[in-house]
Amino acid sequence: MSFFSTRGGSCVTASQAILRGLAPDGGLFVPAMFPQVSLGEIADLGQMPYPQRARDILARYLEDFSSREIEEAVSAAYSPDRFDDPAIAPLKPLDDQTWVLELFHGPTLAFKDMALQLLPHLTTLSARKNGEQREVSILVATSGDTGKAALEGFRDVPGTSCTVFYPLDGVSDVQRLQMVTTGGGNTHVIAVKGNFDDAQTGVKALFSSAEFAAEMDRRGRVLSSANSINFGRLVPQVVYYFSAYADLVARGAVRCGDPVNFCVPTGNFGNILAAYYAHQMGLPVGRLICASNRNNVLTDFFTSGIYSTHRLFFKTKSPSMDILVSSNLERLLFEAADRDGELVKTWMRLLKDCGSYSVGDQRREWMESVFWGGCADDNATLAEIGTRFHQDHYLMDTHTAVASNVLRQYRQAKNDPTPTVLVSTASPYKFSRDVLSGIAGTAAAEHLDAFACSAELEKRSGVPMPDQVRRLRDLPIRHRAECEVDGMGQAVLDAFT
Ligand SMILES: *Cc1c(COP(=O)(O)O)cnc(C)c1O
């Protein structure tokens with residue numbers, strides 16, 4: 001399988017796409033075609049443990065990896081000592097037509113672990129395959145969860161280092177503590193005085209700077225990306241959509257071949273794009289419901305066909321979805337443009353120069369046949385947490401609650417009875433204060449620190465607190481660096497001295 005850039009250029013192998021992250025023309029790597037999975041093969045997945053499901057799907061894309069390499073990588077990544085549920089990505093019933101796909105059972109309690117536990121294995125294998133002698137330096141911009149997941153994934157992996165930038169005031173207490181307490185001899189954590197888009201734009205600029213690449217090369221290092229623009233992040237996420245569907249079939253909840261909807265809390269568009277890729281590979285998908293918070297640029301895009309960043313940026317209670325420029329949307333645009341890289345290039349230039357572009361009515365209608373966009377603000381999010389807890393006895397985090405509320409809106413608007421998988425992206429204990437407010441009112445969380453909120457949440461919900469949260473209180477702070485938005489490159493170089 002070869003990979004192209006969404007902006008028309010390049011033809012590389014899977015391992016080269018993973019190692020480079022971003023294509024040289026600034027585009028994202030996309031597979032030359034979507035390998036097909038038959039209904040029989042999908043049903044068979046239901047009888048396999050998760051690592052084997054992953055091996056089956058990954059092998060179809062990673063053609064320059066041996067089956068032995070893939071097998072060892074997935075067994076190491078999805079092992080019982082890293083995930084606290086033997087199913088890895090368990091599917092739990094929520095109500096008559098809805099199941100929750102829980103993607104937060106990994107070491108950092110967010111769905112990013114599903115990809116970032118595997119990516120370091122794929123990265124080091126890719127480096128070896130391509131004769132790369134330099135140290136692979138991972139650079140990450142995070143809205144909260146990617147950072148810790150990348151740090152945990154790459155911590156002490158030989159031949160790599162991992163530097164994370166997070167927005168100074170844009171992450172939750174638990175998220176920040178998780179990052180700044182990270183151990184390992186090859187990890188760096190730096191707070192940027194700006195928002196997530198500033199951090200992401202800064203990292204992208206470093207990736208496209210020849211000067212910075214030369215500086216790094218002089219230090220014996222080569223840049224690589226663990227952000228969701230990397231195909232190595234995307235492909236492990238395709239697996240759990242097949243896995244969820246196969247579980248529904250195995251339980252007799254749907255007949256193999258019948259459509260299932262997926263409702264996904266969305267930020268950078270990586271998670272839901274993986275669902276779209278699964279659909280293109282033959283997974284019977286009805287609708288992909290794209291849930292946003294008050295930063296509803298995607299909702300407007302799916303309704304109007306116009307992507308516009310001329311809007312205010314809001315900090316919300318679902319910070320991992322506080323994004324104005326959803327990078328992975330470019331991969332959907334590539335498909336919407338009938339894989340015309342020149343057209344994508346034009347849209348991306350308009351976005352950069354004018355802050356907006358329009359895909360036109362025909363392409364908007366094409367997207368509408370699969371996607372539906374909706375949004376929920378903070379009040380609706382907290383109310384949803386309360387409703388799901390008191391009515392359905394399910395405790396969900398703020399991001400999942402955004403999606404749950406949007407699903408409610410979708411069903412009201414479309415009267416669609418299709419069974420639906422609600423994708424849950426974080427443990428409620430990652431956002432204890434807001435989840436506690438959701439089930440017990442804001443007064444319940446007042447005057448409590450982050451740890452007291454978690455303890456109170458455990459008491460009131462009866463859902464056990466994960467060990468990772470309990471231990472956080474006693475870990476020493478190891479990372480205190482801060483930098484200005486325009487000082488990120490220097491901060492990376494300083495980190496290595
Ligand atoms: C990253 C993240 C999201 C958004 O996922 P994308 O792939 O960026 O759309 C949603 N919820 C949580 C908890 C996350 O960590």
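Whatever order the structure lists ligands and atoms in, that order sets their numbers, starting from 1. The chain is numbered in sequence order, starting from 1.
For ligand 1, the protein residues within 4.0 angstrom (heavy atoms only) are F111, K112, D145, P265, T266, G267, N268, F269, G270, N271, S320, M321, H399, T425, A426.
Residue pairs meeting the salt bridge (charged side-chain N to carboxylate O under 4.0 Å, His left out) criterion with at least one member in residues 76-91, sequence neighbours excluded, do not occur. Counting only residues at least two apart or in different chains, salt bridge (charged side-chain N to carboxylate O under 4.0 Å, His left out) contacts with residues 320-333 comprise R7-E330.
The OG atom of S326 sits 11.0 Å away from the CG atom of L332 when rounded to the nearest 0.5 Å.
In this structure F242 satisfies the ring-ring contact (aromatic ring centres under 6.0 Å, His included) test with no other residue, sequence neighbours excluded.
Using bins of under 30°, 30° to 60° and over 60° for the plane-to-plane angle, the ring pair F371/F302 lands in the parallel bin. Note on ring orientation: taking the six-membered ring where Trp is involved, the planes of Y307 and Y357 are parallel (angle under 30°, cut-offs 30° and 60°).
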